[in-house]
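Notes to accompany the following structure.
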Amino acid sequence: MLDVKLLRENLDEVKARMATRGGTIDWNEFVTLDRERRDALANIERLKEKKNRLSGEIGKIKKSGGDAAALMREGEEVSEAIRAGESPLADVETRFERFMLTLPNLPARTVTVGKTESDNKEVRRWGEPPNFDFEPKNHWDIGEELAILDFTRAAKIAGARFAVYRDAGARLERALINFMLDLHTRENGYKEMLPPALVNRASLIGTGQLPKFEEDLFHLAPGDYFLIPTAEVPLTNLHRDEMLEPEELPIKYVAYTPCFRSEAGSYGKDVRGLIRQHQFNKVEMVKFTEPDTSYDELESMVRNAEEVLKRLKLPYRVVELCTGDMGFASAKTYDLEVWLPGQNAYREISSCSNCEDFQARRANIRYRKEKKGRPLFVHTLNGSGLAVGRTLVAVLENYQQKDGSVVIPEALRPYMSGLDQIR
RNA sequence: GGAGAGAUGGCCGAGUGGUCUAAGGCGCACGCCUGCUAAGCGUGUGUACCCCAAAAGGGUACCGAGGGUUCAAAUCCCUCUCUCUCCGCCA
């Protein structure tokens with residue numbers, strides 16, 4: 001959520017910066033609703049003041065045995081007026097709040113202005129795409145030929161966009177999860193968490209998926225729960241409605257969770273293989289920081305995600321998303337794209353974002369810098385470290401051999417009981 | 001799923017219709033005192049929003065959440081959420 005005062009006081013600047021995201025926002029609605037809301041509020045507060053004053057006087061008169069009938073009649077009228085004013089006020093407040101909750105975050109000033117993916121800025125590359133003396137295969141062919149991935153039976157038991165990992169495939173996925181968690185907890189200073197994969201509406205409003213993107217989520221009717229689309233949701237909401245101590249910042253969490261996405265509207269995209277699934281595994285990093293340090297923390301989070309790819313010796317590049325390509329809650333985002341020989345392209349495997357105080361406002365996550373100072377909103381960051389299924393794809397495609405086997409990256413062998421090759 | 005108990009400020013805890021403008025304690029901040037420390041004494045102590053150009057100042061709301069009764073609700077009524085105890089079921 002954006003700061004209402006910022007909108008009131010610097011509307012022209014906000015308009016211009018928000019426009020760089022693309023899409024249109026009805027700013028007149030903001031001005032109108034804000035005006036209406038404040039007028040209605042001032043009106044009702046005046047009446048309530050009167051009510052409180054009358055009630056106090058009636059109390060005193062009754063205590064001293066006097067007759068308060070006239071004042072009580074007046075009080076009745078005031079209460080009637082309050083009741084009449086309450087529903088218009090509630091109505092305008094609801095509309096105002098809904099408007100505010102559907103505004104995306106303001107892009108950071110440093111972010112490159114652009115419309116689409118093609119305007120994104122490559123920041124750096126690492127590693128060389130491998131040279132094969134044969135035609136490299138897609139991971140789904142590799143996986144099915146080695147009998148470590150089974151899409152046919154996944155379709156039978158669940159449907160499209162699901163996968164069954166089998167034998168060494170299942171084990172490789174598990175090895176990747178453990179490898180990533182160990183790296184982030186032992187070397188990068190994150191605390192491991194294992195949160196629920198189901199969350200309530202308030203949590204999804206906190207991180208920004210609701211109210212605008214309900215169709216992207218799986219909703220469970222009994223209990224009104226949602227399956228999490230990313231561990232960012234439970235991890236960030238851990239501290240919803242909390243006051244954090246400045247000395248505990250930055251807080252750094254890492255969690256492995258399954259993630260669930262409806263992929264509504266993605267028909268025809270990545271229809272084969274593991275790239276786009278309804279259910280996938282992800283190791284996610286989340287940070288809570290002071291405003292001053294959040295951009296340094298974003299840089300180090302990106303380095304933490306890169307370290308996974310470096311240790312696996314997978315070639316990748318880092319891309320800074322332009323204003324038009326960023327997610328709803330983000331002020332600045334870096335994507336990590338891993339080289340996939342089967343597609344002859346770099347594909348997203350991690351996304352690291354600084355949400356500044358956008359989520360902290362929605363989720364009411366604050367800290368007090370000074371003991372007597374006012375509460376301030378923290379900055380929240382999140383990043384994949386990494387998308388596990390896509391990492392498995394990258395391993396299969398980059399480490400494939402002419403004979404159809406796949407070499408296990410050295411860093412993973414301790415997690416595979418020393419196994420060095422899947423054949 | 002059944003029965004019962006509970007939810008009050010940063011924390012503990014009192015409070016069953018009108019000075020609750022929430023007692024008291026702890027904690028915290030500032031000051032005083034004491035050669036240090038401890039103790040003691042005094043003062044203060046939340047959040048959000050609104051009015052005001054700003055400051056000063058003023059107002060409204062907040063006792064788990066939402067409704068209701070009443071001139072007036074922490075207090076009475078209804079619904080819900082969560083926590084705890086016991087029973088049942090269960091990986």
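The figures that follow rest on heavy atoms only: side chains count, while hydrogens, waters and symmetry mates do not. Proteins come first, then strands; the chains are lettered A, B, ... in the order of their sequence lines, and each starts at number 1.
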Worksheet entry | A/Y190 six-ring face occupied by A/K252 cation (under 6.0 Å, within 45°) | yes

Discussion item. Taking B/rG10 as the reference, what is the distance to B/rC87 when you measure between their P atoms (whole Å, please)?
Written reply: 37 Å

Worksheet item: With a 4.0 Å cut-off on heavy atoms, is A/G75 in touch with a base, just the backbone sugar-phosphate, or nothing at all?
Response: sugar-phosphate

Discussion item. Between B/rU69 and B/rC11, how many Å separate the two P atoms, rounded to a whole number?
Written reply: 33 Å

Item to complete: Could you measure between the two P atoms, the one in B/rU70 and the one in B/rG64, and give it in whole Å?
Response: 23 Å

Worksheet item: So do the side chains of A/D91 and A/T94 get within less than 4.5 Å of each other, counting heavy atoms only?
Response: no

Worksheet item: B/rG27 pairs with which nucleotide, Watson-Crick or G-U wobble, both distances below 3.5 Å?
Response: B/rU45

Discussion item. Within the 3.5 Å criterion, strictly below it, is a donor on A/E356 or A/N105 matched to an acceptor on the partner's side chain?
Written reply: no

Item to complete: Determine the Euclidean distance between corresponding P atoms of B/rU75 and B/rG9; express it in Å to zero decimal places.
Response: 15 Å

Worksheet item: Which listed nucleotide (B/rC71, B/rU60, B/rC51) is nearest to the side chain of A/R38?
Response: B/rC51

Item to complete: Can you tell me, in whole Å, how much space there is between the P of B/rG67 and that of B/rC28?
Response: 39 Å

Practice prompt. Using whole Å, report how far CD1 of A/I61 lies from P of B/rU19.
Written response: 14 Å

Fill in: Worked verdict on A/E192 versus A/Y256 for side-chain hydrogen bond (donor to acceptor under 3.5 Å, both in side chains)
CA-CA 8 Å; A/E192 183 173 347; A/Y256 150 70; over 6 Å; no

Fill in: Nucleotide forming a Watson-Crick or wobble pair with B/rU16, both distances under 3.5 Å
none

Discussion item. In whole Å, I'd like the distance from the NZ atom of A/K62 to the P atom of B/rU70.
Written reply: 14 Å

Item to complete: Compare side-chain N and O positions of A/N52 against OP1 and OP2 of B/rC71 and report whether any pair is under 4.0 Å apart.
Response: no

Item to complete: Hunt down the Watson-Crick or G-U wobble partner of B/rG57, both distances under 3.5 Å, from any strand shown, or write none.
Response: B/rC51

Practice prompt. Check every atom of B/rA48, B/rC50, B/rC71 against the side chain of A/K5 and return the nucleotide holding the closest atom.
Written response: B/rC50

Worksheet item: Any idea which of B/rC50, B/rU47, B/rU60 is nearest the A/R366 side chain?
Response: B/rU47

Worksheet item: With distance as the sole criterion, do the side chain of A/E45 and the base of B/rG59 form a donor-acceptor contact below 3.5 Å?
Response: yes

Discussion item. Quick check: do A/P234 and A/M193 have side-chain heavy atoms less than 4.5 Å from each other?
Written reply: no

Practice prompt. State the pairing partner of B/rC63; accept Watson-Crick or G-U wobble contacts with both distances under 3.5 Å, and report none otherwise.
Written response: none

Discussion item. Without decimals, in angstroms, what is the distance between A/E49 CD and B/rA72 C1'?
Written reply: 16 Å

Fill in: Length of the line joining A/N364:CG and B/rA65:P, which is rounded to integer Å
14 Å

Worksheet entry | Base partner of B/rG4, which must satisfy Watson-Crick or wobble distances under 3.5 Å | B/rC84

Discussion item. Say we look at B/rG24 and B/rG44: how far apart would their P atoms be, to the nearest angstrom?
Written reply: 12 Å

Worksheet, complete the sentence: Heavy-atom nearest nucleotide on RNA chain B taken for A/E93 and for A/E86; more 5' hit belongs to A/E93

Discussion item. So, does A/S79 get its side chain near the phosphate of B/rU70, meaning an N or O under 4.0 Å from OP1 or OP2?
Written reply: no

Discussion item. Would you say A/R73 places a side-chain N or O within less than 4.0 Å of OP1 or OP2 belonging to B/rC71?
Written reply: no

Worksheet item: B/rG59, B/rC50, B/rG18: which one has an atom nearest the side-chain heavy atoms of A/R8?
Response: B/rC50

Worksheet entry | Watson-Crick/G-U partner (both atom distances under 3.5 Å) of B/rA91 | none

Discussion item. Checking base pairs now: Watson-Crick or wobble, both atom distances under 3.5 Å. What partners B/rU21?
Written reply: none

Discussion item. Give me the distance, rounded to whole Å, that separates B/rG17 from B/rU79 when you measure between the P atoms they each carry.
Written reply: 23 Å

Fill in: Nucleotide B/rG59, atom C1' - distance to NZ of A/K51 in whole Å
14 Å

Worksheet item: Between A/R261 and A/S266, does any side-chain donor sit less than 3.5 Å from a side-chain acceptor?
Response: no

Fill in: Nucleotide opposite B/rC32 in a Watson-Crick or G-U pair, distances under 3.5 Å
B/rG40

Practice prompt. Using the C1' atoms only, state how far B/rG59 lies from B/rG66, rounded to an integer number of Å.
Written response: 25 Å

Item to complete: Measure the distance from CD1 on A/I58 to P on B/rC71 and round it to the nearest whole Å.
Response: 9 Å

Worksheet item: Do A/S351 and A/D335 have side-chain atoms, one donor and one acceptor, less than 3.5 Å apart?
Response: yes

Item to complete: Report yes if at least one side-chain N or O of A/R83 is closer than 4.0 Å to OP1 or OP2 of B/rG68; otherwise report no.
Response: no

Discussion item. Could you check, using the six-membered ring where one of them is a Trp, whether A/H278 and A/F218 have ring centers closer than 6.0 angstrom?
Written reply: yes

Discussion item. Of the options B/rC50, B/rA48, B/rC71, whose atoms approach the side-chain atoms of A/A42 most closely?
Written reply: B/rC50

Item to complete: Measure the distance from CE on A/M72 to P on B/rG17 and round it to the nearest whole Å.
Response: 17 Å

Worksheet item: Could you give the CG-to-P distance, from A/L54 to B/rU19, as a whole number of Å?
Response: 15 Å

